[in-house]
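Encoded as structure tokens, the structure appears first; notes follow it.
Values below: every heavy atom of this structure, side chains too, minus hydrogens, waters and symmetry copies. The structure displayed is predicted, hence computed values, not measured ones.
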There are 2 protein chains.
Amino acid sequence: MPVGLNENEIHVLGEVVSHKRKIQRGGYLHRAGSKFQSLYAIRSGFLKTCILEQDGRQQVTGFHMTGELLGLDAISTEIHTCDAVALEDSEVCEIPFAKLEEISRTIPSLMHHFHKIMSREIVRDHGVMLLLGSMKAEERLASFLLNLSRRFLIRGYSEYNFNLRMTREEIGSYLGLKLETVSRAFSKLQDENIIRVDNKHIQINDMTRLRMKMGNSSCIT
Amino acid sequence: MPVGLNENEIHVLGEVVSHKRKIQRGGYLHRAGSKFQSLYAIRSGFLKTCILEQDGRQQVTGFHMTGELLGLDAISTEIHTCDAVALEDSEVCEIPFAKLEEISRTIPSLMHHFHKIMSREIVRDHGVMLLLGSMKAEERLASFLLNLSRRFLIRGYSEYNFNLRMTREEIGSYLGLKLETVSRAFSKLQDENIIRVDNKHIQINDMTRLRMKMGNSSCIT
DNA sequence: TATTCTAGTTGATTTGAATCAAAACATAAC
DNA sequence: GTTATGTTTTGATTCAAATCAACTAGAATA
């Protein structure tokens, strides 16, 4: 699910163009409306992307971690459609898109890999649409935690213990819920001894039951 | 918003590979789980794509019309992640993906255009996420109708009068609502004289007010 | 023409999440 | 250490949409 590059692939791209950029916690990598020129491969850190509604409220469209590629949405109009904000100090590698296209002409495997990455983002989005369209609060949160857990595992961290970088409100925005509902869902999962919540720290006690929480919405009801 | 190719572009691709395929109403263009080899450019007709939940229920991920490109989600794993079903007799042009990649190496503009199309799909999906995550029933339906209206307009049809190809249930699945809620939202918009509903036929009487319905969720409340 | 069958509408009721509100923590600033 | 600020939890209440149910209209079939 995560739009990921492995270290090696990041390295290859890094050779292509290796201009790095650091973004402090709370800083913007790019803003909606700004001109698109480069994709950004995350080297370290954690970011969110979000689109703004007419009325000022925001919808988080994704949380992004090391190895993932940002800016794909901006290729179509050459204008960024979302804000990208660092949720912790982060480092990204800037990849001028024109150059990427140019080079990928001579390296078919790079081009193909890039296509796979874009496609994976589409698949991920469809998964979120399914989540938003048909799951209830607790199922959404379970799904979210399992997704994070897997992404930490892939990156060599514990799948059972991790720290959330985002607030309840940001989780809520991503999951289509209000922050109070997110908090209650956390509490419920903790009461059932499936997870242990200590502020931003999450411990998964029972992965199997957490998976069940996600899986059988309509089976039970 | 629609992932579209203009007639000319379809023609260019048509020269690349011009194997056509007809799908009868109700027939499958491809199924989730089947091997991916080609993208499909819609020459005529109307299709839906949907993913299946564990429990058998489906989530419609999109409705697709002439000029749009199907199969982008399957590039990542080379397995189709969704079903594509014709909602009316349709004709598609098969585009073997390997060939597309090969040719796009020599035609930079084609490659660039393809990237734009994939990116546009991502932007569209983010729009749907916003809709599912933060709009209420009536706003979702207004948004849906305006989107359809615009796509008909682009294709040279009336933006004020058109026939829906999908059932209330399919609309509901796409919008994250139950069919009864969709029906009620239609009735409400009709009562307010914003649209006229006659079974599958839709007439938009007041485009401005329909746009307002979509726009100011939280402004009013 | 009668007969299913499917799709759609509408009403009554329930329910899950939003909203409103207050208190308990944490974090950053002083 | 204390104060201020932002975040999280929890409770009470409200509300929008789901569910349950009945009925209607069309399309398809016999």
Report summary line: Residue set satisfying salt bridge (Lys or Arg N to Asp or Glu O under 4.0 Å) with A:D206, at least two apart, ordered chain then number -> A:R209
Query raised in the report: How would you list, by chain and number, every residue that makes a side-chain contact (heavy atoms from CB on, under 4.5 Å) with A:L179, sequence neighbours excluded?
Result: A:R168, A:E169
Query raised in the report: Rounded to whole angstroms, how far apart are NE2 on A:H201 and C1' on D:dT7?
Result: 18 Å
Query raised in the report: Just checking B:G176: base, sugar-phosphate only, or nothing, at a heavy-atom cut-off of under 4.0 Å?
Result: sugar-phosphate
Requested in this report: For the pair A:E68 and A:R124, find out whether any cationic side-chain nitrogen is under 4.0 Å from an anionic carboxylate oxygen.
Outcome: no
Requested in this report: Tell me yes or no: between the side chains of A:T49 and A:T61, is some donor less than 3.5 Å from an acceptor?
Outcome: yes
Requested in this report: Rounded to the nearest angstrom, tell me the gap between atom CD1 in B:I171 and atom C1' in C:dG8.
Outcome: 11 Å
Requested in this report: Send over the distance from B:E170 CD to C:dA7 P, rounded to a whole Å.
Outcome: 9 Å
Query raised in the report: D:dT9, D:dA17, C:dT9: which one has an atom nearest the side-chain heavy atoms of A:V197?
Result: D:dT9
Requested in this report: Could you pull out all residues at least two apart from A:E88 that satisfy salt bridge (Lys or Arg N to Asp or Glu O under 4.0 Å)?
Outcome: A:R165
Report task. Starting at atom CE of B:M135, determine the distance to atom P of C:dA18, rounded to an integer number of angstrom. Result -> 16 Å
Query raised in the report: Nearest to the side chain of B:L177 - C:dA18, D:dA18, C:dT9?
Result: D:dA18
Requested in this report: Rounded off to whole Å, could you give me the NZ-to-P distance for the A:K136 and C:dT14 pair?
Outcome: 18 Å
Requested in this report: Rounded to the nearest angstrom, tell me the gap between atom CG in B:L179 and atom P in D:dA17.
Outcome: 15 Å
Requested in this report: Take atom CZ of B:R140 and atom P of D:dA16, then tell me their distance rounded to the nearest Å.
Outcome: 13 Å
Query raised in the report: Partners of A:S158 by side-chain contact (heavy atoms from CB on, under 4.5 Å), sequence neighbours excluded?
Result: A:Y160, A:N161
Just the table, please: protein N/O against nucleotides 20-29 of chain D N/O, every pair under 3.5 Å.
{"from": "D:dC20", "atom 1": "N4", "to": "B:E180", "atom 2": "OE2", "distance (Å)": "3.4"}

Requested in this report: Would you jot down, in residue-number order, the residues of residues 161-168 of chain B having a non-hydrogen atom under 4.0 Å from DNA chain C?
Outcome: B:T167, B:R168
Query raised in the report: Which angle, rounded to 10°, do you find between the first-five-pair axis and the last-five-pair axis of the helix from C:dT1-D:dA30 to C:dC30-D:dG1?
Result: 40°
Report task. Mind checking side-chain contact (heavy atoms from CB on, under 4.5 Å) for A:A32 and listing every partner two or more places apart, or none if nothing turns up? Result -> A:D83
Query raised in the report: For A:K178 and C:dA21, what is the distance between atoms NZ and P respectively, to the nearest whole Å?
Result: 16 Å
**Report entry** Residue whose nearest DNA chain C nucleotide is more 5′ - B:E169 or A:T181
**Finding:** B:E169
Report summary line: Sorted by chain and residue number, the salt bridge (Lys or Arg N to Asp or Glu O under 4.0 Å) partners of A:E170 (sequence neighbours excluded) come out as A:K48
Query raised in the report: Got B:R150 and B:L148 here, is their nearest side-chain heavy-atom distance under 4.5 Å?
Result: no
Report task. Please list, chain by chain and in numerical order, all residues satisfying salt bridge (Lys or Arg N to Asp or Glu O under 4.0 Å) with A:E91, sequence neighbours excluded. Result -> none
Please list, one pair per line, the donor and acceptor atoms closer than 3.5 Å that link side chains of residues 23-31 of chain B to other protein atoms, with sequence neighbours excluded.
{"from": "B:R25", "atom 1": "NE", "to": "B:L87", "atom 2": "O", "distance (Å)": "3.3"}
{"from": "B:H30", "atom 1": "ND1", "to": "B:H80", "atom 2": "ND1", "distance (Å)": "3.4"}
{"from": "B:H30", "atom 1": "ND1", "to": "B:C82", "atom 2": "O", "distance (Å)": "3.1"}

Report task. Output all residues satisfying side-chain contact (heavy atoms from CB on, under 4.5 Å) with B:S76, sequence neighbours left out; order by chain, then residue number. Result -> A:S119, A:R120, A:V123
Query raised in the report: NA contact type, B:K188, heavy-atom cut-off 4.0 Å: base, sugar-phosphate, or nothing?
Result: nothing
Report summary line: Of the listed D:dA17, C:dA7, D:dT9, the closest approach to the B:K200 side chain comes from C:dA7
Query raised in the report: In terms of side-chain heavy atoms of B:S183, which of C:dG8, D:dT10, D:dA18 is nearest?
Result: C:dG8
